[in-house]
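Here the structure is laid out as structure tokens; the discussion comes afterwards.
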Amino acid sequence: MLQYYAHLRQSSQYINLPTAEIPKPGDELAPISPELARWIRLRAQDLKLRQSDRQWAVDLVNHLRESLLVFLKNSDEQPYFQSASVLSSGSYYEMVKILNPNEFDMMLKLQSPSRLKMTELDQYHGLFYEVALSRSTRSHIRSFLLDDGLTISASKIINEMHRLVRKFISTYRVPGNSWRWVVNRKRPNSPAVTLSLLEVDNGKQELLSVDVVPALEVPSSQGWPLAARAGPDVDNWLGKKTRRSLTHQTCFFVPKKPPGRNLSEAAKESWRISFSHIEKELIKTHGNKRTCCETSATKCCRKQCFKLLKCLIEGLKQRYPQELDALCSYHGKTAFLHTLSIRAQDSLWTPRQLPACFMHLLRALEGHASSGLLPHFFVPTSNLFAPPTFPRKALVFLIQALEEQRRQGLPLLMPPAPAPPLAVHSHSDSQPQLSPVVQQTPVIQYPVILPPQVVEMKSFEQMFKIVALVMVLVYVCYLL
DNA sequence: TTTTTTCGCTAAGTGGT
DNA sequence: AACCACTTAGCGAAAAA
């Protein structure tokens, strides 16, 4: 870690140096216009989930989860998955999901019968591993081993997971029978089996999606791999004691190949290390003092800043889908965690300072992009902005896009316009006027998931179908 | 002993003053 | 705008089967 930051310090473009983090009151507030600050506050308010949407989504997702667990437990043909349990992860369960509760993540914990031999794949700096049992076993995991009887096959696990979920879904019925889950086509580099919730009759629009990711749990007797021992750098932020309690927890491996073609034999069966459960805990216990966010007097704006950054990243990805294909929410999360660990004091994150804090976070991401250095928070030797994962071209584009956003008053952060018909009606009172700068800029259309009954009433597609049907009928009558 | 149910705590959204 | 009481969801620990 130390030598890592020494490296970063040499880069003059890298603005977010630890040494530059001595708080200077007022320093950050200066460049933000009151109008932009107002906008940022309003947008942060807007991003939170509505309880009515949550209620509907959570019932469906929880029912799905419980039913899947029961199915796996009773699935005699695949005993290895019988003991699996769920660890909810991802932004919904970190309480940083924005706009709509429409994406859920669950890790399906799979236990390892013995200690694991974790071999770093060359060239990937501790993010991707070959994972093998340290001794042969009679456990049910043995149907997922390669010919050597030790190495655990990532592709066998993900394929079986996919098969099991498909089998489960073939008999599963959503309570109420108005919707159905479909299993998405397997994506070659994804560790997840993705389920989409569709309406039964008008099955085009995805209402919810759930990612199920098998996750191999490293036995707790075994520490983290060497590359992860250097991170996470939270001593100044959360204290040495908390760091110890974090690093004593287990870590996981998810079946994911490194990017690119012509992979070596080992890389084809490789696993990526995962700290989703620790990330969740970090975001939950984000305060420098234990009292952070306990009362209204000690509230902070850290999560709000992160939500705003997520919103901007999603906006950028929608505006420039090809150019920023490599960009993902994990880049935002990583930049956020680094910023929290450097800018540790609770007093720097009071709700009053929300606009300034968000701009600081945005500058931090810009800094990481400019320097081309975004170390994985737990595996600092792995740079998330390094090619081939993040091509040079995309990085240059990102730097320009971020700078442009900041100069133009964050047009992509602002609510989409024109808003969908219903949203205009229900929000017209609270919707702020667009600033001139924003109006000039092409504004993206966010996918808006409306509650099901609203979709039924308002589905243009359905109306379109009806109109088409009527036209066909008229034509038939004319022929007769 | 093991599994299931209940309980208490926390975070966050809601609506009223 | 700020505060308050109230509700819901998630989660781990305690209690019960």
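Residue numbering restarts at 1 for every chain, and letters A, B, ... go by the order of the sequence lines.
The closest side-chain donor-acceptor pair between A:Q205 and A:E199, if any, does not fall under 3.5 angstrom. Neither side chain, A:S75 nor A:Q78, offers a donor N or O lying under 3.5 Å from an acceptor on the other. Neither side chain, A:Y80 nor A:Q111, offers a donor N or O lying under 3.5 Å from an acceptor on the other. Checked by atom type, the side-chain pair A:D105/A:S89 shows no donor-acceptor distance below 3.5 Å.
Here B:dA12 presents its P atom at 13 Å from CZ of A:F306, a figure rounded to the nearest Å. The distance between atom CG of A:L49 and atom C1' of C:dA9, rounded to the nearest whole Å, is 12 Å.
Considering only the side chain of A:R54, C:dA9 comes nearest among C:dA9, B:dT4, B:dA11. With B:dG13, B:dA12, C:dT8 as the candidates, the nucleotide lying closest to the side chain of A:M95 is B:dA12. Nearest nucleotide to the A:V58 side chain, out of B:dT14, C:dG10, B:dT4: C:dG10. Of all nucleotides listed (B:dT4, B:dT14, B:dA11), B:dT4 comes nearest to the side chain of A:K73.
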Does the side chain to side chain donor-acceptor pair (under 3.5 Å) test come out yes or no for A:S196 and A:N184, once each step is laid out? CA-CA 7 Å; A:S196 300; A:N184 292 8; 3.0 Å; yes
Taking only nitrogen or oxygen atoms into account, show me every contact under 3.5 Å that the protein makes with nucleotides 11-17 of chain C, one pair per line with its distance.
residue : atom : partner : partner atom : Å
C:dC11  : OP1  : A:K280  : NZ           : 2.7
C:dC11  : OP2  : A:S88   : OG           : 3.2

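Within a 6.0 Å radius of NZ in A:K117, other residues, nucleotides and ligands contribute 12 heavy atoms or fewer.
In this structure, A:F104 and A:S296 both approach DNA chain C, and ranking their closest nucleotides by distance from the 5' end singles out A:S296.
Counting any heavy atom pair closer than 4.0 Å across all strands shown, A:K97 reaches no nucleic acid atom.
Nucleotide C:dA9 forms a Watson-Crick or G-U wobble pair with B:dT10, both donor-acceptor distances falling under 3.5 Å.
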